[in-house]
> 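Encoded as structure tokens, here's the structure I'll be asking about.
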Amino acid sequence: MVNASTDPLATPNTNRRWLQRLVGIGVALAFLVVVLGAYTRLADAGLGCPDWPGCYGFMAVPGHAADVATAQARFPDATFEAHKAWPEMVHRYFAGTLGLLIAAIAVLAIRNRVPGAPLRLPLALVGLVILQAAFGMWTVTLKLWPQVVTTHLLGGFATLALLWLLWLRLLPVGALEPRLRAHALAAFFVIVGQIMLGGWTSSNYAALACPDFPMCQAQWWPAMDFAAGFNVSQHIGPNYLGGLMDSGARAAIHISHRLGAVLALLVIGTLALRVRAAGAHRLGMVLLALLGCQIALGIANVLWALPLAVATAHNATGALLLLAVVSVNYRVFRSGSNL
């Protein structure tokens, strides 16, 4: 192998372009993994394979009758359902591929160090993807324990956001006015908090706790149990598929997510208008469009009783909205330091 330092074709610009391509592919793949994870969770396929990393002891979903019989004998307490096992395994395949790609990005960043190229971000991504693999395993072994499911979802969004940040670091992106910093940072914390609430809502099966809109159970303020709804010290197991909370606890979670949506509308909506006024017209319009779409999808989830396609799109749009907010923060906080 020719060393990059002696190969005239292996210039810093060439290395940077390769890194850009890999990171661009990584962003697309991470987004797909987030969407596949949402689909798997919303289709109640999170335990489609009762073991990890395989499926009923196989590295692919059993297809032949003999393999299905073997799988059922290995896990007699888990009914084999191919239509749930396949989404789970497809998600794992893509997540595993993303992990390998992130490792390749880190190796390239270390071996072909060029001025201005990020290094700490690729290394942080390697650590995060290892942690994500562990939470993926615990999601199955702890039978969809809400704390683990929500943290695993946040890890997926964090992986996507860090890859996007790395992509921005490799591009000539212009700065925005520093006076937007406080507002942009507030929007970031609001969207992260709303993603956490969305994950908690989904993992506790509280999305349909309020089947009407804008009221909840035909009341503006129904009976709610916030202490039970946000009890993060709840015991593990035996199985959280379908959820274990009562109606009052789920209503508290659902209403909190709605209130978070109102806060996001105010904070991110006004930020989008300020970004437009600061000269980044396109970025401001993207923020407004994604925010409006996300609000509409959230309402549609309630009115149409959580259709799988709409609920999955709600997660996908939330991921895109997070990336737009990260873009604003990068542009108002950008400096010449490496990450």
Side-chain angles (χ1 to χ4, degrees), residues 18-63 71 80-108 121-122 124-142 144 148-167 195 198-199 202-203 308-323 326:
W18 270 107
L19 193 58
Q20 286 175 341
R21 291 168 185 165
L22 285 180
V23 173
I25 294 171
V27 170
L29 188 55
F31 178 75
L32 180 59
V33 169
V34 167
V35 173
L36 287 171
Y39 179 89
T40 301
R41 184 176 66 258
L42 292 164
D44 290 331
L47 293 179
C49 297
D51 50 339
W52 189 95
C55 189
Y56 288 88
F58 298 91
M59 291 312 296
V61 177
F80 175 74
E81 297 176 281
H83 68 283
K84 290 187 176 181
W86 271 114
E88 175 70 4
M89 286 308 293
V90 169
H91 177 237
R92 292 182 190 179
Y93 293 148
F94 277 97
T97 303
L98 176 62
L100 293 175
L101 181 62
I102 288 175
I105 289 170
V107 169
L108 187 62
L121 264 177
L125 277 163
V126 171
L128 180 57
V129 81
I130 293 172
L131 191 60
Q132 269 295 89
F135 273 98
M137 176 185 67
W138 293 329
T139 295
V140 175
T141 58
L142 297 181
L144 303 181
V148 169
V149 174
T150 303
T151 304
H152 189 46
L153 177 142
L154 288 174
F157 275 83
T159 302
L160 174 61
L162 288 180
L163 277 166
W164 181 250
L165 181 59
L166 181 55
W167 170 254
I195 290 170
S202 178
S203 62
L308 182 57
V310 175
T312 304
H314 189 54
N315 280 261
T317 306
L320 293 176
L321 184 58
L322 172 64
L323 298 189
V326 168

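Worth knowing before you read on, the calculation uses all heavy atoms, side chains too, and leaves out hydrogens, waters and symmetry mates. Predicted model only: the values in this text are computed from it and were never measured.
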> Please round to the nearest 0.5 Å and tell me the distance separating atom CG of Leu36 and atom CE of Met89.
13.0 Å
> Show the nearest heavy-atom pair for residues Pro122 and Ala106, with the distance to one decimal.
CB-CA, 3.9 Å
> At what distance, to the nearest 0.5 angstrom, does OG1 of Thr141 lie from CG of Leu47?
10.0 Å
> So how far is it from Cys55 SG to Trp86 CH2, rounded to the nearest 0.5 Å?
8.5 Å
> What residues form a side chain to side chain donor-acceptor pair (under 3.5 Å) with His91, not counting sequence neighbours?
none
> Would you name the heavy atoms of Ala85 and Gly48 that are closest together and state the gap between them?
CB-O, 3.6 Å
> On a heavy-atom basis, which atom in Ala319 and which in Val34 lie closest, and how many Å separate them?
CB-CG1, 4.3 Å
> Please tell me if the side chains of Leu131 and Phe135 come closer than 4.5 Å, counting only heavy atoms from C-beta onward.
yes
> Taking the side chain as every heavy atom from C-beta outward, state whether Ile105 and Leu125 have any atom pair closer than 4.5 Å.
no
> Distance check, rounded to the nearest 0.5 Å: Ser202 atom OG versus His314 atom NE2?
10.0 Å
> What heavy-atom pair brings Leu308 and Ala43 nearest, and what distance separates the two atoms?
CD1-N, 3.9 Å
> State, yes or no, whether a side-chain contact exists between Met137 and Pro53 at a heavy-atom distance under 4.5 Å.
no
> Using every non-hydrogen atom in the two residues, find where Leu323 and Ala161 come nearest and quote the distance to one decimal.
CD2-CA, 3.9 Å
> Can you find a heavy atom in the side chain of Leu29 that is under 4.5 Å from one in the side chain of Thr97?
yes
> State, yes or no, whether a side-chain contact exists between Leu153 and Arg41 at a heavy-atom distance under 4.5 Å.
yes
> Apply side-chain contact (heavy atoms from CB on, under 4.5 Å) to the pair Leu320 and Phe31, showing each step before the final yes or no.
CA-CA 8 Å; Leu320 293 176; Phe31 178 75; 3.7 Å; yes
> Taking everything shown except Phe94 itself, do over 12 heavy atoms lie less than 6.0 Å from its CZ?
no
> Hey, could you give me the OH/CG distance between Tyr39 and Leu32, rounded to the nearest 0.5 Å?
13.0 Å
> Less than 4.5 Å apart, any side-chain heavy atom of Arg92 and any of Val140?
yes
> Can you tell if the side chain of Val149 reaches within under 4.5 Å of the side chain of Leu142, non-hydrogen atoms only?
no
> I need the minimum non-hydrogen distance between Asn315 and Phe157, along with the two atoms involved.
O-CZ, 3.9 Å
> Looking at CZ of Phe58 and CG of Asp51, how far apart are the two atoms once the value is rounded to the nearest 0.5 Å?
10.0 Å
> Is Glu88 paired with Lys84 through a side-chain N to carboxylate O contact shorter than 4.0 Å?
no
> Looking at residues at least two apart in the chain, or sitting in another chain, which of them share a ring-ring contact (aromatic ring centres under 6.0 Å, His included) with Phe80?
Tyr56
> Evaluate the side-chain proximity of Leu128 to Leu162: yes if any heavy-atom separation is below 4.5 Å, no if none is.
yes
> Holding to side chain to side chain donor-acceptor pair (under 3.5 Å), I want the full list of residues that pass it with Thr139, two or more places apart in sequence or in another chain.
none
> Walk me through whether Val27 and Leu166 qualify under side-chain contact (heavy atoms from CB on, under 4.5 Å).
CA-CA 9 Å; Val27 170; Leu166 181 55; over 6 Å; no
